[in-house]
Amino acid sequence: MERRIFSELHKQKVKLGERYGDGFLKSLPTDVWSALYTKWLRLAGAEIGNNSLVHRKVMVRHPENIVIGQNIMIPATTDMAGMGRIVIGDDTLVGASVRFITNHHLLDVGSLTRKEQVLGTQQKITIGANCWIMNNVLIIAGREGIVVGDNVWIA
């Protein structure tokens, strides 16, 4: 009896969360502040396609290195600092807590300054069109950068 009551209460909690933006839905850029932030990023040099929004909490340090295609929502928990170039093709789905890592740390530390060791080199990440980047994915450019084709699921 007690289990059934808590099970029913939990179902109601989930319904309320879905309705009022709990969890992942809350991190989607559907508010006016995210629309303003997206416009701000465009003015600062980011290329962001039609019907695309970047949540106001996404940290973008170098907007001039960001290219986002059409029909894309970048959720609040995404990390795309843009130290190196990040290109995301049209109609790609980006899940929660996705990290785009563009820097590569060189192994020949003996000939590098401390700053070069820490910053590394910046490479390009290119994601094709109509891809699905699922929750908690780390996309690391590595030494040569990375290119992901169209219609790819990344888990």
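One-based numbering along the sequence shown. Computed from a prediction, not measured in an experiment: that's the story for all the values here.
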Value rounded to 0.5 Å, distance of [atom1] in [X] from [atom2] in [Y]:
X      : Y      : atom1 : atom2 : value
Met83  : Asn65  : CE    : CG    : 9.0 Å
Ile66  : Ile48  : CD1   : CD1   : 8.5 Å
Asn136 : Met134 : CG    : CE    : 12.0 Å
Gln122 : Ile86  : CD    : CD1   : 9.5 Å
Phe100 : Ile88  : CZ    : CD1   : 4.0 Å
Ile154 : Ile133 : CD1   : CD1   : 5.0 Å

Contact summary for Pro75 and Gly95, nearest pair of heavy atoms: CG-O, 3.3 Å

Ser52 and Gly69 have their tightest heavy-atom pair at OG-O, 2.6 Å

Do [X] and [Y] share a hydrophobic cluster (ILVMFWY, side-chain heavy atoms under 4.5 Å, transitive)?
X      : Y      : answer
Ile101 : Val58  : no
Val67  : Leu41  : no
Val87  : Ile139 : no
Ile146 : Met80  : yes

Is any side-chain heavy atom of [X] closer than 4.5 Å to a side-chain heavy atom of [Y]?
X      : Y      : result
Val94  : Thr78  : yes
Asp150 : Val152 : no
His55  : Ile74  : no

Would you confirm whether [X], through its side chain, and [Y], through its main-chain N or O, come within 3.5 Å as a donor-acceptor pair?
X     : Y     : answer
Arg42 : Gly49 : yes
His62 : Glu64 : no
Thr77 : Ser97 : yes
Thr38 : Ser34 : yes
Tyr37 : Leu53 : no

Electrostatic pair Glu47:Arg85 at N-O distance under 4.0 angstrom: yes

Per the side-chain hydrogen bond (donor to acceptor under 3.5 Å, both in side chains) rule, which among Asn130, Asn51, Asp90, Thr92 passes with Asn71? Asn51

Apply side-chain contact (heavy atoms from CB on, under 4.5 Å) to Lys124 and Thr126, showing your working. CA-CA 6 Å; Lys124 182 177 179 181; Thr126 303; 3.3 Å; yes

